[in-house]
Amino acid sequence: MTGKTIDGKAFAGDVRAQVAEHVERLKKDHGITPGLAVVLVGEDPASEVYVAAKHKQTVEVGMASFEHKLPADVSEEDLFALIDQLNEDPTVHGILCQFPVPDHLNERRVVARIDPNKDVDGLSVVNAGLLASGEKGLVSCTPLGCLMLLRDQVGNMSGMDAVVVGRSNLFGKPMAQLLLGENCTVTIAHSRTKDLADVCRKADILVAAVGRAEMVKGEWVKPGATVIDVGITRIPHPDKPGKTKLLGDVEFATAAENAAAITPVPGGVGPMTIACLLANTVTACCRAHGLEEPTGLTV
Ligand code: NAP
């Protein structure tokens with residue numbers, strides 16, 4: 001039997017529709033338009049694609065989108081001056097700087113400069129600390145999106161064994177904190193983990209975020225588990241010369257035979273990230289104005 005394929009694209013569409021409803025209400029009832037500012041340094045082609053997608057979706061849900069493109073050789077001082085200005089701007093409720101930034105800039109320092117209340121990427125130490133303390137902050141978008149998919153798929157996760165493969169600040173650590181918040185028994189695995197296969201086999205919820213194509217084998221998946229595949233690796237397309245194809249961290253076809261449900265790559269976790277960025281911006285906007293924040297769009 002093959003498990004259900006979780007349709008992240010459709011789910012992300014639902015999240016964006018909810019965001020659009022809240023935006024509409026904020027405009028109608030309070031005369032407030034949530035605003036998201038995106039800062040892009042340099043001309044990395046992949047980053048330009050991401051920023052364009054963020055702009056398009058921001059506008060589609062009715063929010064204000066502010067794009068700031070800075071030259072690759074911008075000084076830290078000038079970048080920080082822009083961030084300071086956005087921190088002060090009452091029409092801007094969310095700020096993100098698209099990474100990677102050129103080598104002369106330090107990502108941690110850039111994130112630290114953003115007002116934590118506007119850090120809609122949830123990457124600052126303040127927001128990471130709030131999450132770790134079980135307090136309200138802004139949660140990193142991709143783990144938030146995975147949690148939304150899991151809540152929808154699994155419902156009550158209390159007491160379940162959850163394994164997160166990967167321990168990055170961007171994904172693995174916040175994902176583990178969120179699962180702990182759901183009362184899972186959480187194991188974080190990484191490159192030094194002994195017998196990863198055995199660790200994975202215990203998981204009722206298995207989340208893989210490594211970036212190594214199909215490293216998690218189907219036979220590592222416990223029968224009935226829910227599998228969330230965050231990894232993205234681009235490989236040359238086997239059938240279409242000159243084209244590329246995306247692979248996840250999980251060997252999808254064999255894993256789907258054991259799993260109760262599994263996210264595909266592409267079309268699983270990926271679309272949730274921007275949807276959650278928009279959700280975080282609405283949440284940040286409501287908090288900034290002392291308004292009740294929407295339920296279901298945050299933890
Ligand atoms: P990262 O910072 O490179 O972290 C990768 C993690 O995988 C590290 O903790 C590393 O362990 C662990 N790892 C490496 N080799 C391993 C192995 N053989 N066995 C077990 N663990 C191993 O990556 P990231 O930023 O978390 O992203 C992970 C993947 O998710 C990437 O493919 C990325 O593209 C994707 N991603 C997708 C989205 C999205 O869909 N929107 C968002 C974020 C990330 P050590 O700490 O021991 O080195």
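Remember, predicted model here, so these are calculated numbers, not experimental data. Indexing begins at 1, ligand by ligand and atom by atom, following the structure's order.
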Requested in this report: Apply the test side chain to side chain contact (heavy atoms under 4.5 Å, CB included) to residues Leu206 and Val221: give CA-CA distance (whole Å), side-chain angles for both, the deciding distance (0.1 Å), then the verdict.
Outcome: CA-CA 8 Å; Leu206 178 59; Val221 174; 4.2 Å; yes
Report task. Answer yes or no: does atom CG of Asp103 have more than 12 heavy-atom neighbours from other residues, nucleotides or ligands under 6.0 Å? Result -> no
Report task. Return the minimal non-hydrogen interatomic distance between Cys285 and Ile32, and the atom names on each side. Result -> SG-CG2, 3.6 Å
**Report entry** Between Asn280 and Thr283, a side-chain donor and acceptor under 3.5 Å
**Finding:** no
Report task. In sequence, state the C-alpha distance, the side-chain angles, and the governing distance for Ser65 and His55, and then conclude on side-chain hydrogen bond (donor to acceptor under 3.5 Å, both in side chains). Result -> CA-CA 6 Å; Ser65 170; His55 170 73; 2.7 Å; yes
Requested in this report: Spell out, yes or no, whether Met63 and Leu86 are grouped together once hydrophobic residues are joined by side-chain heavy atoms under 4.5 Å, including indirect joins.
Outcome: no
Could you list each N/O atom of ligand 1 together with any protein N/O atom closer than 3.5 Å, one pair per line with the distance?
residue: ligand 1; atom: 9 (O); partner: Arg167; partner atom: N; Å: 2.8
residue: ligand 1; atom: 11 (O); partner: Ser191; partner atom: N; Å: 3.3
residue: ligand 1; atom: 21 (N); partner: Ser191; partner atom: N; Å: 3.4
residue: ligand 1; atom: 26 (O); partner: Ser168; partner atom: OG; Å: 2.5
residue: ligand 1; atom: 30 (O); partner: Val230; partner atom: O; Å: 3.4
residue: ligand 1; atom: 32 (O); partner: Ile232; partner atom: N; Å: 2.9
residue: ligand 1; atom: 32 (O); partner: Ile232; partner atom: O; Å: 3.3
residue: ligand 1; atom: 41 (N); partner: Thr273; partner atom: OG1; Å: 2.8
residue: ligand 1; atom: 46 (O); partner: Arg167; partner atom: NE; Å: 2.7
residue: ligand 1; atom: 47 (O); partner: Arg167; partner atom: NE; Å: 3.3
residue: ligand 1; atom: 47 (O); partner: Arg167; partner atom: NH2; Å: 2.8
residue: ligand 1; atom: 47 (O); partner: Ser191; partner atom: N; Å: 3.2
residue: ligand 1; atom: 47 (O); partner: Ser191; partner atom: OG; Å: 2.5

